[in-house]
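Since this is a predicted model, take the numbers as computed values, not measurements. Order of the sequence lines sets the chain letters (A, B, ...), proteins ahead of strands, with each chain counted from 1. Atom set for the values below is all heavy atoms of this structure, side chains included, hydrogens, waters and symmetry mates excluded.
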Protein chains: 2
Amino acid sequence: MRDRPSPTTRGAQPTAVSLDIVVCAPHGRSLSVLLVRAAAGARELWMLPWAWSVPGDAPDDHAMRVASEALGAKPAWMTQVGAIGNSRRHPGTAALSIGYVAVTAVRAKAPPGNSQWFPIAGLPALAPRHAALVTSAQLALRERLDTAPVAFRLLPATFTLTDLQEVYELLLGRRVHKASFRRSLQAAWLVEPTDEWRSEGRGRPAQLFRYAPRKRRGGRRGVRFELLGG
Amino acid sequence: MRDRPSPTTRGAQPTAVSLDIVVCAPHGRSLSVLLVRAAAGARELWMLPWAWSVPGDAPDDHAMRVASEALGAKPAWMTQVGAIGNSRRHPGTAALSIGYVAVTAVRAKAPPGNSQWFPIAGLPALAPRHAALVTSAQLALRERLDTAPVAFRLLPATFTLTDLQEVYELLLGRRVHKASFRRSLQAAWLVEPTDEWRSEGRGRPAQLFRYAPRKRRGGRRGVRFELLGG
DNA sequence: TGACATTAGTTTCAACACGCGACTAATTGA
DNA sequence: TCAATTAGTCGCGTGTTGAAACTAATGTCA
């Protein structure tokens with residue numbers, strides 16, 4: 001039996017493993033993804049930031065360093081989105097890739113050297129494995145939106161409730177009703193108001209809030225079958 | 001820069017990668033996990049079924065074969081739960097492990113050779129990486145309970161609604177209310193009744209149902225912040 | 001055989017959450 | 001001073017939820 005487990009590395013077939021990161025930031029009403037220029041002669045001009053995995057190195061830490069290097073700053077949040085093998089081509093011909101999604105707040109300055117932001121809906125051609133990762137990353141963000149503070153990491157430390165709502169709409173891909181959104185937010189004790197207000201040209205100034213989760217409301221709700229159809 | 005992306009495998013440091021699978025089945029009111037006996041001289045007597053990754057091989061397919069071999073049958077459902085590196089010891093000293101969780105219906109016959117079921121709350125000592133994977137696997141099952149037919153894959157083709165409810169309680173780790181559970185189930189059009197009834201000793205016989213999802217109810221609901229506390 | 005325990009399945013109701021439109025509030029600019 | 005614009009709230013109709021009480025069908029045992 002070729003694959004019988006063994007207590008040693010005997011039988012192991014070393015694999016070239018890459019860590020590939022989808023770094024996201026909001027840009028207006030759309031998400032942007034950070035790409036780096038590929039080496040001359042590559043089949044695509046752009047690719048996700050990635051690096052070869054180092055055997056003795058914790059992949060999550062390493063991936064964070066790769067993202068930080070491409071972004072010029074440490075991302076505010078990051079998580080794995082899955083491993084992909086040779087079914088789709090990788091730009092560096094890695095046999096196996098571990099995908100990550102990272103988010104960062106609204107960007108102030110341009111990214112370093114050969115990095116550049118692209119709107120997620122208008123990406124240049126990517127190697128198939130990278131294209132698949134972008135899709136997985138977007139799904140992962142949407143899925144974790146209500147179990148991890150993803151939306152807050154896409155915003156600066158203080159923000160208006162309209163800012164927050166726009167991030168939710170961005171990630172969910174649909175509009176949300178203002179009153180319902182604020183009612184739910186208040187019930188969850190996730191934000192607290194600051195003393196500051198922001199006036200954005202016309203209209204009433206908006207109060208600034210900060211992310212300050214208070215307590216776990218033991219709101220265990222009923223089983224939800226809705227997403228299971230089909 | 002050590003990790004600069006490259007369009008070739010130059011610079012790649014080949015890694016010994018393992019595929020490790022947490023195979024789960026319900027047993028009474030608890031989940032059981034399939035373990036295999038480790039080779040003589042290993043630090044732990046038991047381990048999760050695992051195999052070395054093969055570079056040219058799709059990891060998901062390969063993991064399914066590993067699970068099938070340990071179980072003696074093909075699992076009914078399987079998904080990745082994440083990659084872990086050297087921060088925790090692997091029984092085969094793999095530098096990197098890709099974890100999977102698989103589920104199968106109530107087991108009729110014993111598993112082959114050196115495989116054995118253990119209740120998830122009373123597992124023997126496992127290598128730290130395997131122990132962490134079991135925890136991740138349980139979390140992953142709970143998370144996907146409402147987006148994948150996990151619960152139905154833990155049951156035979158026909159089942160009573162009480163069976164189904166007990167699987168949900170098993171995976172959620174809490175009791176659910178009978179009437180609410182059935183109401184939600186009916187609204188989601190996930191099961192259909194058969195003509196058969198099962199009499200289990202005392203009490204009124206229960207009707208048998210089968211998994212037969214009908215339509216997608218486009219039930220887009222409000223934003224849910226409840227799980228974000230703390 | 002008939003009361004009772006046991007398990008399956010339904011009904012009912014109060015409380016709450018949600019979608020939604022309409023409302024008030026504070027500011028800029030004409 | 002008034003319209004336009006954006007922020008934020010209120011109230012109502014409706015649907016969902018948790019909970020308990022109810023009916024239904026079977027086996028057990030005196």
Among the nucleotides C/dG21, D/dT28, D/dG18, which one has an atom lying closest to any side-chain atom of A/His177? C/dG21
Remember a base hit wins even if backbone is also touched, and classify B/Glu200 as base, sugar-phosphate or nothing at under 4.0 Å, heavy atoms. nothing
So B/Val81 and B/Val22, side chain to side chain contact (heavy atoms under 4.5 Å, CB included) or not? Walk me through it. CA-CA 10 Å; B/Val81 300; B/Val22 183; over 6 Å; no
In whole angstroms, how far is the C1' atom of C/dC4 from the CZ atom of B/Arg204? 18 Å
Rounded off to whole Å, could you give me the CD-to-P distance for the B/Gln165 and C/dT7 pair? 14 Å
Backbone of B/Gly85 reached by a side-chain donor or acceptor of B/Arg129 within 3.5 Å: yes
Hey, is CG on B/Leu45 packed in by over 12 heavy atoms from elsewhere, all under 6.0 Å? no
A/Phe181 or B/Arg182, whichever maps to the more 5' nucleotide of DNA chain C: B/Arg182
Just how far, in rounded Å, is C1' of D/dA19 from CZ of B/Arg174? 15 Å
Mind telling me whether A/Phe118 and A/Trp46 have parallel, tilted or perpendicular rings, with 30° and 60° as the class edges? perpendicular
Rounded to the nearest angstrom, tell me the gap between atom CZ in B/Arg198 and atom C1' in D/dG27. 17 Å
In whole angstrom, give the distance that lies between atom CD of B/Gln207 and atom P of D/dA25. 12 Å
Any side-chain N or O of B/Ser199 less than 4.0 Å from the OP1 or OP2 oxygen of D/dA25? no
In whole Å, I'd like the distance from the NZ atom of A/Lys178 to the P atom of C/dA25. 14 Å
Base, sugar-phosphate or nothing for A/Ala179? Non-hydrogen atoms, less than 4.0 Å. base
Sorted by position of nearest nucleotide on DNA chain C, 5' first, the leading residue of B/Arg202 and B/Arg183 is B/Arg202
Within the 4.0 Å heavy-atom criterion, would you say B/Thr160 contacts the bases, only the backbone, or no part of the nucleic acid? nothing
If you compare every side-chain N and O of B/Ser180 against the phosphate oxygens of D/dG18 (OP1, OP2), does one of them come in below 4.0 Å? yes
Check A/Glu44 with A/Arg89, please: is the shortest side-chain N to carboxylate O separation under 4.0 Å? yes
In whole angstrom, what separates A/Glu166's CD from D/dT6's C1'? 11 Å
Could you give the CD-to-P distance, from B/Gln186 to D/dG15, as a whole number of Å? 17 Å
